[in-house]
Amino acid sequence: MRLAEGHAFQDEVTELEAKSATAARLFDIRRIIGALFVVYGLIVGAAGIFATDADLEKAQDININLWTGLGMLALGLFFLIWVRLRPTVPPTPPLPEEALDAARGEDSAGRG
């Protein structure tokens with residue numbers, strides 16, 4: 001009976017760890033910052049593409065919206081690539097003593 005309780009507890013811990021990992025990936029600040037910079041970079045870059053001669057004259061013939069939009073887009077893509085290459089791994093919580101004792105009992109029973 002105690003063995004079944006250990007398995008149920010272990011299944012619950014595994015399920016919670018999976019949910020925690022999903023939440024950690026979903027709310028990773030790099031993903032949020034990257035998405036915002038990509039969206040704003042596209043908006044500002046589009047404003048630079050469709051700039052009028054009067055807009056360029058105000059900025060001494062430098063298309064500042066286009067360059068700023070491209071920079072923001074590059075930074076946003078950098079953050080999103082970083083999230084892809086180095087995903088967040090949430091730390092595993094320590095198991096209570098009761099679960100460790102049950103796991104030790106299973107290990108010794110399986111070896112002998």
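Computed from a predicted structure; not experimentally measured.
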Student: Which distance, rounded to the nearest 0.5 Å, do you find between the CG of D61 and the CG of D55?
Tutor: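 If I round to the nearest 0.5 Å, the distance is 11.5 Å.
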Student: Is there a continuous path of hydrophobic side-chain contacts, each under 4.5 Å between heavy atoms, that joins V38 to I33?
Tutor: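 V38 and I33: separate clusters.
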Student: Examine the side chains of T68 and N65 and answer whether a donor and an acceptor come within less than 3.5 Å of each other.
Tutor: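 Side-chain D/A pair, T68 to N65: absent.
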Student: At their closest point, which heavy atom of R86 faces which heavy atom of R30, and how far apart are they?
Tutor: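 Looking at all heavy atoms of both residues, the shortest contact is O-NH2, 2.9 Å.
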Student: Is there a path of hydrophobic side-chain contacts, each under 4.5 Å between heavy atoms of I, L, V, M, F, W or Y residues, that connects F78 with L85?
Tutor: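 Hydrophobic grouping puts F78 apart from L85.
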Student: So which atom in I64 and which in A59 form the shortest heavy-atom distance, rounded to 0.1 Å?
Tutor: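 Shortest heavy-atom separation between I64 and A59 comes out as CG2-CB, 4.5 Å.
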Student: Which residues pass the ring pair (Phe, Tyr, Trp, His ring centres under 6.0 Å) test with F37, sequence neighbours left out?
Tutor: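 Scan of F37 (ring pair (Phe, Tyr, Trp, His ring centres under 6.0 Å), adjacent residues dropped) gives none.
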Student: Hey, what do you get for CZ (F79) to CD1 (I29), rounding to the nearest 0.5 Å?
Tutor: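 These two atoms lie 9.0 Å from each other.
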Student: What are the two closest heavy atoms between A51 and N63, and how far apart are they?
Tutor: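 The answer is CB-OD1, 4.2 Å.
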Student: Quick check: is I49 connected to Y40 through a chain of hydrophobic side chains (ILVMFWY, heavy atoms under 4.5 Å apart)?
Tutor: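 No, separate clusters.
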Student: Look up atom CD1 in I32 and atom CG in L36, then write down how far apart they are to the nearest 0.5 Å.
Tutor: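 Going from the CD1 atom of I32 to the CG atom of L36 covers 8.0 Å.
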Student: Calculate, to the nearest 0.5 Å, the distance between atoms CG and CG belonging to L75 and L70 respectively.
Tutor: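 L75 atom CG to L70 atom CG measures 12.5 Å (nearest 0.5 Å).
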Student: Taking side chain as C-beta onward, heavy atoms only, is I62 less than 4.5 Å from L56?
Tutor: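 They are not in side-chain contact.
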